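None of the values given here were measured: they were computed from a predicted structure. Proteins come first, then strands; the chains are lettered A, B, ... in the order of their sequence lines, and each starts at number 1.
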2 protein chains.
Amino acid sequence: MTLTNNSKRRKELVSIAARLFFEQGYERTTVRMLADAMGIKSGSLFHHFNDKQEILCAVIQDGMESALEIAGEKLTGVTDPKERFLALARAHLSTLLTDRNAHVVALYEWRSLSEGSLEVLIGMRDEYEQLWQQVIDDCVTSGVLKGDVPLIRRFTLGALNWTVQWYDASGEKTPDDLANALAELIGIQL
Amino acid sequence: MTLTNNSKRRKELVSIAARLFFEQGYERTTVRMLADAMGIKSGSLFHHFNDKQEILCAVIQDGMESALEIAGEKLTGVTDPKERFLALARAHLSTLLTDRNAHVVALYEWRSLSEGSLEVLIGMRDEYEQLWQQVIDDCVTSGVLKGDVPLIRRFTLGALNWTVQWYDASGEKTPDDLANALAELIGIQL
DNA sequence: GTCTATAATAGGATAGAC
DNA sequence: GTCTATCCTATTATAGAC
């Protein structure tokens, strides 16, 4: 069966596709490039996916799942609002800058998805934003932050998402350093 | 002559291209779509531009020029560090959310440029970032902000650039409102 | 400066053998 | 699950007339 299966093989292929989509963008990546990187011929790709955009959908789904998973892990057992904010920011930068593929694609290639794929993924995106919303809401309620919660969430995520454009993994700063610096910028200090 | 001329006609075409690139992205916009929107046949397009990517280069150059120009205007005569920060943030959001085309393309379609076009444009980008660097440096020097200047610049620009992804022009908030809110979030209040 | 016509190729996708 | 072979269409780009 070909339709949305979850075979181990398919997961490997999705992971390779994530890398290429991250490096060159979805539109500039051809099915032949994908097949090459996967070590198969382009025709064989369509045994695993119905079309090219289904590959993108799988990558983005994977990216959202990891983001949710890592965020959940890092928040577990943390109760202080400031610490929860920091944990979430670190989780976010970790999936963006360390894992470095699927989550980035999930953020930047949204527009290339077909209507159908969108529906499935919007729920996951909302769930992830809801996580941020709650954490920031706690900060505002406890007086750690001041202002409009959705706006703070969007500015924060914007600042974090944009790190993809300039972060140099071979530099001195770790993703955690960046998370700390952003928290400090908006007045969050432990 | 066709090469990088600056005819009025060409400027019109660049402006139309900016709109399409903004709406659908560079790669998904075909030369036929461009020609259609311009009211000419696709063959005629190549009288004005040597190839498709030269159109992108022209759009990005236009975007950077307006950004620099508007920023310069809004900063003129403003001396207080806080006010300069606000003026620059407002200028930035104005070219991103009101003008809404070329500057956005300049930020988001960078990767589709060829090596050659890159060289010309990198200088303009650096100049624009230098403007931000100085304004933020003044804020840090005068004690309005605290922290690493390049990092603050990148977080700030990230938060602002990401507004493109979620801003709703038909909503209640104006671009100026957003600039104020961001300034407030990082502790800048007049 | 724009048109028509068309070249040249790249891209996504399919069919059937192994 | 992969290969070979191939189809079909979309796309960028050119040539020459008006």
Side-chain angles (χ1 to χ4, degrees), chain A residues 1-60 105 109 111-118, chain B residues 1-60 105 109 111-118:
Chain A
M1 224 309 162
T2 302
L3 276 167
T4 46
N5 70 62
N6 275 326
S7 66
K8 192 176 168 188
R9 180 68 176 135
R10 182 173 152 128
K11 281 189 178 167
E12 287 168 15
L13 300 184
V14 169
S15 158
I16 292 169
R19 202 189 73 238
L20 296 207
F21 290 163
F22 164 71
E23 287 168 358
Q24 346 188 26
Y26 171 74
E27 306 285 352
R28 281 184 296 283
T29 306
T30 69
V31 296
R32 285 178 172 80
M33 292 174 184
L34 290 168
D36 270 3
M38 293 164 178
I40 57 180
K41 299 294 173 182
S42 67
S44 310
L45 237 180
F46 294 92
H47 176 75
H48 303 277
F49 307 92
N50 287 312
D51 54 27
K52 188 190 172 191
Q53 98 87 46
E54 190 181 295
I55 309 178
L56 176 62
C57 181
V59 168
I60 293 186
V105 175
E109 301 290 351
R111 293 171 70 186
S112 295
L113 285 169
S114 71
E115 294 266 326
S117 309
L118 257 177
Chain B
M1 222 312 145
T2 303
L3 276 167
T4 45
N5 68 61
N6 275 326
S7 65
K8 194 178 168 187
R9 181 68 177 134
R10 183 174 150 127
K11 281 189 178 168
E12 287 169 15
L13 300 183
V14 168
S15 158
I16 292 169
R19 202 189 73 238
L20 296 208
F21 290 163
F22 164 70
E23 286 169 358
Q24 348 187 25
Y26 171 74
E27 306 284 352
R28 281 184 297 282
T29 306
T30 68
V31 296
R32 286 195 233 284
M33 292 174 184
L34 290 168
D36 271 3
M38 293 164 178
I40 57 179
K41 299 294 173 183
S42 66
S44 310
L45 237 179
F46 294 93
H47 176 75
H48 303 275
F49 307 92
N50 287 314
D51 54 28
K52 188 190 171 190
Q53 99 87 46
E54 189 180 294
I55 309 178
L56 176 63
C57 182
V59 168
I60 293 187
V105 175
E109 302 290 350
R111 294 170 71 186
S112 294
L113 285 169
S114 72
E115 294 266 326
S117 310
L118 257 177

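For the residue pair B/S117 and B/Q53, a side-chain donor N or O sits within less than 3.5 Å of a side-chain acceptor on the partner.
Here the closest non-hydrogen pair linking B/A17 and B/V59 is CB-CG2, 4.0 Å.
Look at CZ on A/F46: it is 7 Å from P on C/dT14, rounded to the nearest Å. Computed from coordinates, the B/R32 CZ to D/dT12 P distance equals 7 Å when rounded to whole Å. Rounded to whole Å, the distance from CG on B/D36 to P on D/dT11 is 12 Å. A straight line from CD of A/E54 to C1' of C/dG12 spans 14 Å, rounded to a whole angstrom. Rounded to a whole Å, the CZ atom of B/F49 is 15 Å from the P atom of D/dT14. Going from atom NZ of B/K52 over to atom C1' of D/dT11 covers 9 Å, rounded to whole Å. Rounded to a whole Å, the CD atom of A/Q53 is 12 Å from the P atom of C/dG12. Protein atom CG of B/L34 is 14 Å distant from nucleotide atom P of C/dT2, rounded to whole Å.
Between the side chain of B/E109 and the backbone N or O of B/Y26 there is at least one donor-acceptor pair closer than 3.5 Å. Checked by atom type and distance alone, the side chain of B/K52 pairs as donor or acceptor with a backbone atom of B/T29 at under 3.5 Å. Checking side-chain atoms of A/R111 against main-chain N and O of B/E23 turns up a donor-acceptor pair under 3.5 Å. Under the 3.5 Å distance criterion, the side-chain polar atoms of B/E27 are left unmatched by any main-chain donor or acceptor of A/E27.
For A/E27 and B/L13, each mapped to the nucleotide of DNA chain C holding its nearest heavy atom, the one lying further toward the 5' end belongs to B/L13.
Between B/S44 and the phosphate of C/dG1, there is no side-chain N or O to OP1/OP2 separation shorter than 4.0 Å. Taking side-chain N and O atoms only, B/H47 has no distance below 4.0 Å to OP1 or OP2 of D/dT14.
Donor-acceptor pairing under 3.5 Å, judged by distance alone, is absent between the side chain of B/R9 and the base of C/dG1.
The side chain of A/T30 approaches C/dG11 more closely than any other nucleotide in the set C/dG11, C/dC3, C/dG1. Between C/dC3, D/dT12, C/dT14, one nucleotide has an atom nearer to the side chain of B/I40 than all others, and that is C/dC3.
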Exercise for review: Applying side-chain contact (heavy atoms from CB on, under 4.5 Å), run through B/I16 and B/L34 and close with a yes or a no.
Suggested key: CA-CA 8 Å; B/I16 292 169; B/L34 290 168; 5.8 Å; no

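Axis orientation changes by 10° from one end of the helix from C/dG1-D/dC18 to C/dC18-D/dG1 to the other, with each end axis drawn from 5 pairs and the value rounded to 10°.
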